[in-house]
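Here is the naming used below: chain letters follow the sequence lines, and residue numbers restart at 1 for every chain. All heavy atoms count here, side chains included; hydrogens, waters and symmetry mates do not.
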2 protein chains.
Amino acid sequence: MTHDGRNDVLRPFPDQRHDHDACRSEALAQVVAACAERGLRLTPLRRRVLELIWSSHTPVKAYDLLDRLRREHAAAAPPTVYRALEFLVEQGFIHRIESLNAYIGCSEPEQAHQGQFLICDSCGDAAELSDPDIAAVLRRKAEMLGFQLDVCTVELKGRCARCETAAG
Amino acid sequence: MTHDGRNDVLRPFPDQRHDHDACRSEALAQVVAACAERGLRLTPLRRRVLELIWSSHTPVKAYDLLDRLRREHAAAAPPTVYRALEFLVEQGFIHRIESLNAYIGCSEPEQAHQGQFLICDSCGDAAELSDPDIAAVLRRKAEMLGFQLDVCTVELKGRCARCETAAG
DNA sequence: GCTATAGATGTAATAATATAACATTTGCAA
DNA sequence: TTGCAAATGTTATATTATTACATCTATAGC
């Protein structure tokens, strides 16, 4: 279930007026816990980059992160950001959206997984699915073809329900 | 059926020793026909870029195309290549592989469609599927979520059957 | 507490990918 | 044959990402 009490599968997009502070805090807490469990160092930089990514549900670009980071950390340079992103992606704390060259917080950071993404062209928000039916059909097709499947990139563009409604 | 007489769905990867000249020629001919039908200009530049992309089943990067184009066309510059790519993608004659920043010839250029891609990390080749089951499950999930689906990016990385066999 | 070390960060430069803006040329329709 | 729209040429720049090496910092073993 999501923060607003509705079913995840049916409402992957965050509610327009959801408590985003709580949303971000929860994600951060899960990452803190995962790092403790795995013996990883969530340094101030890494943590700050993660917070900035979680500032919204819109995928963030590396250089936008860099600009924001520089306001509070003059030494920030491209490698600063890319290293933090690399760490966060490797650990499954964020995902990279290939078709946008952008990054978004993972909604289930505690266990590694491969999600699928719905990306609204209208509001820019992205929602993560972990849909077993999609995963299963991809696995099945790959297997039929003798293809040893490793990474699945599934990025679906369109218009989210909220924007669709708003547009009438 | 493919050029080697086997079922497409079961063998999307080209045979190692397939007649690639014939493979490329067929694709070119289909594009020529589609352009004639749609009243589009397949200029020498566009045609040449398409030929270069079809020189293998490995997705090609824009600047690799540029390097090759320059050998025979001194005036070639980034916009030369990107414009040709834009035309070819818009018309569905090639596809962009988002996770590689690279381009590959479309195996069914006559009708617009959205494929799915299997990309072998070992040999680099990519194969296109037009799998109705994958398309259907994505459509169904999007609909359940009230998401107005537009573009589907499905890129599956792993190891193709040939490389899997070769690796023992 | 020291100190060696691995991991993290700083710093400068550059590589790789892509687009903007405007000039010129070309194909084709009126 | 000429005028326009589309295509290409040309220069510059924007955006995204990595390399290479220097320095700092946390911490494990002494």
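The shortest distance between the side-chain N/O atoms of B:Arg48 and the OP1/OP2 oxygens of D:dT8 is not below 4.0 Å. Contact between the side-chain N/O atoms of A:Tyr63 and the OP1/OP2 oxygens of D:dT16 is not found at any separation under 4.0 Å. The phosphate of D:dT16 has OP1 or OP2 within less than 4.0 Å of a side-chain N or O from A:Lys61. Contact check, B:Tyr82 against C:dA18: a side-chain N or O comes under 4.0 Å of OP1 or OP2. Taking only side-chain nitrogens and oxygens, A:His73 never comes nearer than 4.0 Å to OP1 or OP2 of C:dT9.
Side chains of A:Glu128 and A:Ser107: a donor on one and an acceptor on the other come within 3.5 Å.
Around CZ of B:Arg17, the count of heavy atoms belonging to other residues, nucleotides or ligands within 6.0 Å does not exceed 12. For CD of A:Glu110, the number of neighbouring non-hydrogen atoms (other residues, nucleotides, ligands) closer than 6.0 Å is greater than 12.
Taking only side-chain atoms of B:Leu45, from C-beta outward, the nucleotide of C:dA18, D:dA17, D:dT8 with the closest atom is D:dT8. Checking C:dA18, D:dT16, C:dA8 against the side-chain heavy atoms of A:Asn101 singles out D:dT16 as nearest. Here the nucleotide nearest the side chain of A:Thr43, chosen from D:dT18, C:dA8, D:dT10, is C:dA8.
Ring centroids of B:Tyr103 and B:His95 are separated by 6.0 Å or more, keeping the two rings apart.
To the nearest angstrom, C1' of C:dG7 lies 13 Å from CD of A:Glu86. Between the P atom of C:dA8 and the CG atom of A:Leu85 lies a distance of 15 Å, rounded to the nearest Å. With rounding to whole Å, A:Leu40 atom CG is found 15 Å from D:dA26 atom C1'. The distance between atom CD of B:Glu98 and atom C1' of D:dT16, rounded to the nearest whole Å, is 14 Å. In this structure, A:Leu88 places its CG atom 12 Å from P of C:dA8, rounding to the nearest Å. The nearest whole Å value for the distance from the CZ atom in A:Phe87 to the C1' atom in C:dG7 is 12 Å. Atom CG of A:Leu66 is separated from atom P of C:dT9 by 15 Å (rounded to the nearest Å). To the nearest angstrom, P of D:dT8 lies 14 Å from CD of B:Glu72.
A:Arg70 comes within 4.0 angstrom of nothing in the nucleic acid, heavy atoms only. Among the heavy atoms of the strands lying under 4.0 Å from A:Ala77 is at least one base atom, whether or not backbone atoms are also near.
Considering only heavy atoms from C-beta on, A:Ile104 stays 4.5 Å or farther from A:Arg96 through its side chain. Counting heavy atoms from C-beta outward, A:Val32 and A:Arg47 have side chains that approach closer than 4.5 Å.
Across B:Ala27 and B:Pro109, no two heavy atoms sit closer than the pair O-CG, 4.4 Å.
With respect to the salt-bridge test (charged N to carboxylate O, under 4.0 angstrom), the residues A:Glu86 and A:Arg83 do not qualify.
Along DNA chain D, the nucleotide nearest B:Arg46 and the nucleotide nearest B:Pro78 are compared for position; the residue whose nucleotide lies closer to the 5' end is B:Arg46. DNA chain C is contacted by both B:Arg41 and B:Pro79; B:Pro79 maps to the nucleotide lying nearer its 5′ end (nearest heavy atom per residue).
A donor-acceptor contact under 3.5 angstrom links the side-chain atoms of B:Arg83 to the base of D:dG9.
Remark on the helix from C:dG1-D:dC30 to C:dA30-D:dT1: inter-end axis angle 20°, axes from five-pair C1' superpositions, rounded to 10°.
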